[in-house]
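Order of the sequence lines sets the chain letters (A, B, ...), proteins ahead of strands, with each chain counted from 1.
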There are 2 protein chains.
Amino acid sequence: MHSTAEENYIKAIYKLSGNGANAVSTTGLSDMLATKPASVSDMLRKLSAKDLVHYVKYHGVQLTEEGQRVALKIIRKHRLWEVFLVQKLNFTWDEVHEVAEQMEHVKSELLVQRLDEFLGHPRVDPHGDPIPTEAGELPEMEQRALASLEVEQKGVVCRVKDSQPAFLQYLNRVGIQIGTQLQVVDKIPYDNSLEISINKNKSVILSSDVLEKIFVINP
Amino acid sequence: MHSTAEENYIKAIYKLSGNGANAVSTTGLSDMLATKPASVSDMLRKLSAKDLVHYVKYHGVQLTEEGQRVALKIIRKHRLWEVFLVQKLNFTWDEVHEVAEQMEHVKSELLVQRLDEFLGHPRVDPHGDPIPTEAGELPEMEQRALASLEVEQKGVVCRVKDSQPAFLQYLNRVGIQIGTQLQVVDKIPYDNSLEISINKNKSVILSSDVLEKIFVINP
DNA sequence: ATAAAAGTTTAGGTTTGTCTAAATTAAATT
DNA sequence: AATTTAATTTAGACAAACCTAAACTTTTAT
Ligand SMILES: [Mn+2]
Ligand SMILES: [Mn+2]
Ligand SMILES: [Mn+2]
Ligand SMILES: [Mn+2]
């Protein structure tokens, strides 16, 4: 089997590559994993020997078919555990990521299967991220970044693309969660921030940084 | 915090010492952990430096107060996860141990607390082993080994002291589980095996090996 | 086209947890 | 009490996963 370290590299490559599309750089990985580039080079040589990645020295790395299968399995487990923590153990969405980072490495096919059943085959995790199916498919959803809405346009929050507690707690404070109704009240061209009304109620100004991390569907 | 390897040593010392009472030998540990005695010596030096054990070279090892606290926390997590797997995910009692061995190392106080609540503060795990409380107490239950019963005496199975799938599957086959009513029909002095009737029904002969691993309370 | 800068890899270490083989200590036998 | 045997520890290695410093490619700027 694969070690926890290997699994974390595979997951990081998957995420940085934009679901397997592009090649990923050594420094990109070292940033994401909080290791040094030298350590990444070592690991890439190893993953390459195991045929989990295509690795061309100095030119980046991509997952093989097998590597992608492995990545999706880990992500499936991570997101199922997040659902479990929120729905069954009353965790909040800002408390789950760190724990799921540990649980995703527990090895048992039966466990994942049964957990999925127990949760009623959920489609998305508490942050709105889709859960890969047992067959290894990752359902795509049509959705747009909040940043792309024009004045007057409405949307319902379906996904947030950052699981850091600090970010999620900020959303808690302004009153944004999955399912929240938003409408763009005004646009501030100076810095591309938007004034957003929340649940047809009070409005806040969100920075373009934040706007890029929130996704909505048409209401 | 403590590594998975350290936690496994602490748990092994706890179990071999009979709940902290006696000193434990290097070979005893190497047997239980499937490592070589030399590796055990190394680890004991390390645990001793961390004040988790009292270690006197050539004379065995015992857990410190702190070591016992750590041991009971790990055992608490192990047994709570076993309950979860059986009661919520429909695992059988012979399927849970291996998975719980992994889950017991997940670090999150909140997780243990919430899991305990979710399960309704269970007292015993699927093998009848008591679950240490949050305060670190291990409730003792009066119970006797099946081996100690005389002819005609009855008992209700409350605990089995071996979690190997092969053993538990053997019990499944003869029809013994937690709560099963047993009565000693006859004693075979030659090898100390007993003929046991199961649920007032068909009877089987159990070896003294097996009899030592099954515990009963008075019906 | 060359030189500087940025990104990446290699060389050589460290820590953790394991191993084998040799040395040491304790226990059991004579 | 001396000797043999068994248990345990130490010495020296190794793999995994990380590090720093130095060397090497690739990219960017002059
Ligand atoms: Mn997450
Ligand atoms: Mn998530
Ligand atoms: Mn168990
Ligand atoms: Mn158990």
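For D/dC18, the OP1/OP2 oxygens have a side-chain nitrogen or oxygen of A/Y9 closer than 4.0 Å. Applying the 4.0 Å criterion to OP1 and OP2 of D/dT8, one finds that B/T27 has a side-chain N or O inside that range. For A/Y55 and C/dT8, the shortest distance from a side-chain N or O to OP1 or OP2 is not below 4.0 Å. The phosphate of C/dG7 (OP1 or OP2) has no side-chain N or O of A/S25 nearer than 4.0 angstrom.
At a threshold of 4.0 angstrom between heavy atoms, the contacts of B/T26 are confined to the sugar-phosphate backbone, with no base atom among them.
Side-chain proximity of A/T35 to D/dC19, D/dT10, C/dT10: nearest is D/dC19.
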**Prompt:** Between B/E7 and B/K73, is a salt bridge (Lys or Arg N to Asp or Glu O under 4.0 Å) present by the stated rule, with each step listed?
**Reply:** CA-CA 10 Å; B/E7 289 189 347; B/K73 273 192 184 184; over 6 Å; no
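Counting only residues at least two apart or in different chains, salt bridge (charged side-chain N to carboxylate O under 4.0 Å, His left out) contacts with residues 75-84 of chain B comprise B/R76-B/D116, B/R79-B/D125.
One atom, CZ of B/R45, and another, P of C/dT18, lie 13 Å apart when rounded to the nearest Å. Here the C1' atom of nucleotide D/dC18 and the CG atom of A/L29 are 15 Å apart, to the nearest Å. A/L44 places its CG atom 10 Å from the P atom of C/dT8, with the value rounded to the nearest Å. Separating the CG atom of B/D42 from the C1' atom of C/dC19 is a distance of 10 Å, rounded to the nearest angstrom. Atom CG in A/D31 sits roughly 14 Å away from atom C1' in C/dT8 (whole-Å rounding). Look at NE2 on A/H2: it is 20 Å from P on D/dA15, rounded to the nearest Å.
Note that CD of A/E134 and CD of A/Q113 are 5.0 Å apart. Values are rounded to the nearest 0.5 Å. Atoms CG and CG, from B/L194 and B/L211 in turn, are 4.5 Å apart once rounded to the nearest 0.5 Å.
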**Message:** Strictly under 4.0 angstrom, non-hydrogen atoms only: write out the protein contact profile of nucleotides 20-26 of chain D, one letter per nucleotide from the 5' end, B, S or -.
**Reply:** BB--BSS
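With sequence neighbours left out, the salt bridge (charged side-chain N to carboxylate O under 4.0 Å, His left out) criterion links A/E95 to no other residue.
In this structure, B/K88 satisfies the cation-pi test against B/F118, with its NZ or CZ atom closer than 6.0 Å to the six-membered ring centre and inside 45 degrees of the ring normal.
The aromatic rings of A/F167 and A/Y170 are tilted relative to each other, their planes meeting at an angle between 30° and 60°.
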